[in-house]
Amino acid sequence: MGLSFWVGVAVVTLIAFYWKRVFDFIRNRRKFNNEISKFPGPPALPLVGSTYLFKWNVQEFTDQIFEWAGIFMNEMQGACCLWLGPFPVICALRPEFVKAILESNKVLTKGKEYSIIQKWLGTGLLTSTGDKWRGRRKMLTPAFHFNVLNSFMSIYDREAQILIDVLEKEADTGKVFNFFPYVKRCALDIICDTSMGMKVNAQTNPQHPYVMSVQRLNELSFTYVRLPWMWFPPIWYASGCGTEYDTSLKLVTNFTRQVIEERGTAFRASKARGEELNFDDAEYVAKKRYAFLDLLLSVQDEGKLTDEDIREEVDTFMFEGHDTTSSGMTWAVWNLAHSPSCQEKVFEELDAVFGDSDRPCTNDDLKELKYLEKCIKETLRLFPPVPFYTRSVEEDFDFNGLNVPAGATILIPPFVLHRDNASFPDATNFNPDHFDQEHIKDRHPFAYVPFSAGPRNCIGQRFALMEEKTVLSWFFRKYRVEAGMPWKENKPLPEIITKPAHGTPIRLYRRNRQTETQTSTD
Ligand code: HEM
């Protein structure tokens with residue numbers, strides 16, 4: 001008897017043995033497909049889904065997303081289905097649906113795409129779920145106590161001043177240069193110091209191996225998320241991405257482990273001297289200059305965290321806490337470079353608060369910088385640093401009779417929601433007045449969700465706004481910018497973190513009457 005006979009016998013035996021499971025699987029899959037097929041969406045083929053339609057060029061892909069969103073926004077309560085290979089992704093295109101998802105305590109688990117960053121971040125706050133996430137969220141919330149954030153002001157301020165200094169060489173040359181890498185290194189220095197109490201000095205030492213590896217991990221993670229065939233390890237490794245990812249990962253995680261060890265030794269020594277962590281005493285916190293890591297070490301002392309638990313949380317802050325803010329700041333500079341009248345209003349506000357002094361920026365100053373804040377918020381609207389985020393549906397989710405079956409993924413795309421003219425008149429243009437109180441009150445609160453919302457919102461929101469305001473206040477105290485490329489030519493690339501396709505090409509001028517008069521006659 002030939003091999004095919006025995007294979008046939010094996011298959012029949014397996015089916016006979018597992019018939020109930022096979023039967024349940026087929027029945028559930030049919031029910032699932034039936035539910036999903038009710039959602040409108042671009043055409044899909046078996047196995048490849050809609051990916052065969054995807055434009056290869058990321059910029060063209062961005063345009064394609066907007067085109068599809070425009071078509072499906074007004075159907076099925078703003079829900080449509082995009083098949084990413086064999087996986088259906090339900091996209092939430094209207095604020096009412098977004099609210100139902102983000103406020104729900106049932107849809108808290110992140111989507112499958114987060115698996116690539118899990119290799120780096122483990123199951124830290126961003127990627128964990130269930131009781132682990134709840135426990136960690138409770139544990140980490142005190143780290144964002146306003147006394148702690150206020151104590152970070154001196155770090156934001158110091159790094160902003162270094163940024164101003166390193167930019168000196170670009171000022172008044174009349175040459176176009178890319179501002180983005182400068183602000184990125186500034187944000188990286190800020191997050192290293194605030195989360196680990198460690199200075200990597202990326203602004204003055206850009207070739208630092210840690211700095212370069214963090215950058216590479218972010219880029220490779222996006223390649224993984226966008227190309228579903230990379231989810232198969234043989235292809236991921238054959239492409240070279242897998243090996244490069246692993247090498248960068250080793251370097252980054254070893255660096256964090258070493259910092260934890262060193263800081264842990266210092267922490268235990270101070271504890272032996274009788275010093276206790278106390279966030280309620282503002283003066284004490286300011287003097288001690290805690291990093292997030294110190295809070296984690298104090299919790300470890302109570303036996304609640306291992307070294308590896310601490311590592312995943314520190315790396316989560318590193319991942320979430322610098323690409324996001326640098327994206328926000330670089331786009332803000334880009335927008336203001338294209339809006340001289342708005343830039344002028346920023347100058348007026350800054351001059352009213354600081355005059356021509358070079359004194360540090362304080363938390364009280366930040367409260368005065370209301371127009372700058374509107375510019376930052378408007379930038380987060382047009383170019384949300386996190387362009388989309390996802391949730392895994394673990395039990396059927398009902399919204400006004402619309403059933404999203406268990407097993408589906410829901411995608412929330414601030415990038416699309418924020419450009420809906422129904423919520424933001426003239427939505428594709430930069431206009432800080434969108435954040436005037438009278439406009440905010442007329443808008444659905446979930447039409448604007450750059451930091452997500454509900455129980456899994458961004459824990460670093462206040463940190464981010466304080467950092468961006470401080471750095472930009474220094475930048476515009478010192479410099480005036482002009483755009484080095486037309487607005488429409490520099491499209492946003494909705495990678496894991498939104499980036500400008502051509503960087504941030506600008507010309508920089510010192511803010512003083514003499515040079516401003518000179519450049520205006522150039
Ligand atoms: C402009 C800057 C920032 C933006 C736009 C932003 C945006 C977001 C968004 C949209 C989420 C939800 C992601 C999801 O559901 O998958 C999130 C979560 C998170 N963010 Fe941010 N973020 C920013 C800055 C920061 C900073 C500075 C930190 C830390 C210092 C931080 C730490 C986190 C953490 C830990 C989470 C996970 C929270 C949880 O699941 O409980 N973020 N952020």
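All ligand and atom numbering here is 1-based and tracks the order in the structure.
A salt bridge is defined here as a Lys NZ or Arg NE, NH1 or NH2 lying under 4.0 Å from an Asp or Glu carboxylate O, and Lys304 with Glu313 fails to meet this definition. Taking a cutoff of 4.0 Å between a charged side-chain nitrogen and a carboxylate oxygen, Arg263 and Asp294 qualify as a salt bridge. At a threshold of 4.0 Å, the pair Asp436-Lys374 counts as salt-bridged, since one of the basic side-chain nitrogens sits closer than that to a carboxylate oxygen. A salt bridge links Asp63 with Lys491: at least one charged nitrogen is closer than 4.0 Å to a carboxylate oxygen.
Applying the 4.0 Å criterion to heavy atoms of Lys110 picks out, from ligand 1, the atoms 14 (C), 15 (O), 16 (O), 40 (O). Shown in contact with Tyr114 at under 4.0 Å from a heavy atom are these atoms of ligand 1, numbered in order with element: 14 (C), 16 (O). Residue Asn457 has at least one heavy-atom neighbour below 4.0 Å for each of these atoms of ligand 1: 38 (C). Interface of Gly321 with ligand 1, defined as ligand atoms under 4.0 Å from a residue heavy atom, comprises 26 (C), 27 (C), 28 (C). Below 4.0 Å from some heavy atom of Trp133 lie the following atoms of ligand 1, by number and element: 39 (C), 40 (O), 41 (O). Against a heavy-atom cut-off of under 4.0 Å, Glu468 is close to the following atoms of ligand 1: 1 (C). With ligand atoms numbered from 1 in the order given, ligand 1 contributes 27 (C) to contacts under 4.0 Å with heavy atoms of Phe463.
A donor atom on one side chain and an acceptor atom on the other are found under 3.5 Å apart for Thr330 and Thr504. Side-chain contact, Ser392 with Thr109: no donor N or O sits under 3.5 Å from an acceptor N or O.
Around atom NZ of Lys119, more than 12 heavy atoms belonging to other residues, nucleotides or ligands sit under 6.0 Å away. With a 6.0 Å radius and a threshold of 12 heavy atoms from other residues, nucleotides or ligands, Lys99 has its NZ atom at or below the threshold. Residue-environment remark: NZ (Lys132) exceeds the threshold of 12 foreign heavy atoms within 6.0 Å. Sparse packing is recorded around NZ of Lys377, with 12 or fewer heavy atoms of other residues, nucleotides or ligands lying under 6.0 Å away.
The aromatic ring centroids of Tyr371 and Phe347 lie 6.0 Å or more from each other. Proximity of the aromatic rings of Tyr182 and Phe177 is defined here by a centroid distance below 6.0 angstrom, and this criterion is met.
When non-hydrogen atoms are compared, ligand 1 lies under 4.0 Å from the backbone of Glu320 as well as from its side chain. Neither the backbone nor the side chain of Gln461 comes within contact range of ligand 1; no heavy atom lies under 4.0 Å. Counting heavy atoms closer than 4.0 Å to ligand 1, residue Pro450 contributes backbone atoms (N, CA, C, O) but none from C-beta onward. At a 4.0 Å heavy-atom cut-off, ligand 1 does not touch Glu467 at all. Contacts with ligand 1 closer than 4.0 Å are made by side-chain heavy atoms of Tyr389 only, the backbone lying farther away. Neither the backbone nor the side chain of His322 has a heavy atom within less than 4.0 Å of ligand 1.
Counting protein heavy atoms only, atom 36 (C) of ligand 1 is closest to Leu126 CD1, 3.9 Å. For atom 29 (C) of ligand 1, the nearest non-hydrogen atom of the protein is Phe317 CD2, 3.8 Å. In this structure, the protein non-hydrogen atom closest to atom 30 (C) of ligand 1 is Ile191 CD1, 3.9 Å. Protein heavy atom at the shortest distance from atom 12 (C) of ligand 1 is Ser452 CB, 3.7 Å. Counting protein heavy atoms only, atom 35 (C) of ligand 1 is closest to Ile459 CG2, 3.6 Å. Counting protein heavy atoms only, atom 15 (O) of ligand 1 is closest to Arg391 NH1, 3.0 Å. Among protein heavy atoms, atom 22 (N) of ligand 1 sits closest to Cys458 SG, 3.1 Å.
Relative to atom 3 (C) of ligand 1, the option among Phe451, Phe319, Phe152, Trp331 with the closest non-hydrogen atom is Phe451. Of the candidates Thr324, Thr316, Leu149, Thr324 brings a heavy atom nearest to atom 23 (C) of ligand 1. Taking all heavy atoms of Arg137, Met329, Arg456, Met318 into account, the minimum distance to atom 41 (O) of ligand 1 is reached by Arg137.
Ring orientation note: the planes of Phe435 and Phe424 are tilted relative to one another, at an angle of 30° to 60°.
Between the side chain of Lys478 and the backbone N or O of Ile164 there is no donor-acceptor pair closer than 3.5 Å.
Ligand 1 is never approached by Gly328 to a heavy-atom distance shorter than 4.0 Å.
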